[in-house]
Engineer: 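What follows is a structure written as structure tokens; I'll ask about it next.
For clarity, every value in this text was computed on a predicted model and none was experimentally measured.
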Amino acid sequence: MVFVTSLLAACGTTRTVPITGRKQSLMVSDAEVLSLSTQEYTNYMSTAKKSSNATNTALVQRVGQKLASAVESFLKENGMSDELSQYAWEFNLVQDQSVNAFCMPGGKIVVYEGLLPVTQDEASLAIVLGHEIAHAVAKHSAEQMSKQIKQQYGLNIGSAIAGALGVGESTTSLASAVAQYGLQFRNLKYSRDHETEADRMGLVFAAMAGYDPNVAVTFWQRMAASSSSQTAEFLSDHPSDATRIANIQKKFLPEALKYYNGTAASAPASTVKSAGTVSLKSLKK
């Protein structure tokens, strides 16, 4: 088991998540993740119907571009210019009344028309898009894929040790795990820790883009009021409405407001050494 653990650690790379400074271990490359996400995004958009509402479409694109520019500036200012090659930002509003939005790795963002009556204003939309962009910047998809691959690869290595063979089988299974998991980006459910991290990062990104992060509280209160889900938090991959709102009020707003008011200094290099999909319906669970 020590051998298996050591080998898995050697196969991956370690990076630091921007803003939060959390260390993460990844076993898939940016190229692999982007290739898979681009494939699924292309397939999705080939059947989706873009909104015919020019005003709302322009709103989504305007907010998205402001956030993207703020994120790119942050990465440049903190020595992560190499991360910029991963993003080819695109923002689409589609004809669907679900309260949904998602961001593919690489910056392909889709907003459903049903979300806008809940966001109600530009700043609240920025809170949502900031959260989605945060999943991409924090590479949560790659981290979730890596978790699955480690589990599968560990089993294969154990089997290979027992039989003194199996390298080919393990490699094949690894590639299969990457491909299979990569085709679930739009429906990906992140852990509660990832959701909380995206809330924190997204609030900062919105503030960097010039949006008042205080609106996050009333937005999530509207989301809570519109939800019929009563799933217990311990049974969910996502924080409860009450926990999310409390975290924003007590933990995340003071940090985000520093960026909104222009008082935040550039993050130290030690916390940003290197730089979702997720539906709003699932965010509420």
Engineer: Are any of the side-chain heavy atoms of Val17 and Met201 separated by less than 4.5 Å?
Structural biologist: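 Side chain of Val17 against side chain of Met201, heavy atoms only: contact under 4.5 Å found.
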
Engineer: Could you walk me through whether Phe74 and Tyr259 satisfy the ring pair (Phe, Tyr, Trp, His ring centres under 6.0 Å) test, starting with their C-alpha distance in whole Å, then the side-chain angles of each, then the deciding distance to 0.1 Å, before giving a yes or no?
Structural biologist: CA-CA 11 Å; Phe74 174 79; Tyr259 290 90; 7.0 Å; no

Engineer: If you group Ile, Leu, Val, Met, Phe, Trp and Tyr by side-chain heavy-atom gaps below 4.5 Å, do Ile19 and Tyr87 land in one group?
Structural biologist: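 Yes, because Ile19 and Tyr87 connect within a single hydrophobic cluster, where side-chain heavy atoms sit under 4.5 Å apart.
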
Engineer: With the side chain counted from C-beta on, respond yes when Phe252 and Asn247 share a heavy-atom pair under 4.5 Å apart, and no when they do not.
Structural biologist: yes

Engineer: I'd like to check the side chain to side chain donor-acceptor pair (under 3.5 Å) partners of Asp30; sequence neighbours left out, ordered by chain and number.
Structural biologist: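 With sequence neighbours excluded, Asp30 shows a side chain to side chain donor-acceptor pair (under 3.5 Å) to Gln86, Lys139, given in chain and number order.
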
Engineer: Any heavy-atom pair between the side chains of Tyr211 and Ile127 that's under 4.5 Å?
Structural biologist: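 They are not in contact (no side-chain heavy atoms under 4.5 Å apart), so the answer is no.
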
Engineer: Can you tell me if His140 and Gln24 form a side-chain donor-acceptor pair at under 3.5 Å?
Structural biologist: no

Engineer: Decide whether Asn92 and Tyr41 meet the rule of one side-chain donor and one side-chain acceptor closer than 3.5 Å.
Structural biologist: yes

Engineer: Tell me which pairs pass salt bridge (charged side-chain N to carboxylate O under 4.0 Å, His left out) where either residue lies in residues 120-131, with sequence neighbours left out.
Structural biologist: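 Qualifying pairs: Arg62-Glu122.
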
Engineer: Do the side-chain N and O atoms of Arg192 and Thr243 include a donor-acceptor pair separated by under 3.5 angstrom?
Structural biologist: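 Absent: no donor and acceptor within the cut-off.
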
Engineer: Verify whether one side chain among His135 and Glu197 offers a donor that lies under 3.5 Å from an acceptor in the other.
Structural biologist: no

Engineer: List in chain and number order the residues that pass side chain to side chain contact (heavy atoms under 4.5 Å, CB included) with Ser51, two or more places apart in sequence or in another chain; answer none if no residue qualifies.
Structural biologist: Asn53, Thr57, Leu93, Glu113

Engineer: Would you check if Val99 and Met223 make a side-chain contact, meaning some heavy-atom pair closer than 4.5 Å?
Structural biologist: yes

Engineer: Testing the basics here: between Pro239 and Glu195, what is the closest heavy-atom pair and its distance to 0.1 Å?
Structural biologist: CD-CB, 3.6 Å

Engineer: Rounded to the nearest 0.5 Å, what separation is found between the CG atom of Leu203 and the CG atom of Leu257?
Structural biologist: 8.0 Å

Engineer: If I take atom NZ from residue Lys251 and atom CZ from residue Arg200, how far apart are they, to the nearest 0.5 angstrom?
Structural biologist: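 Reported value, rounded in 0.5 Å steps: 10.0 Å.
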
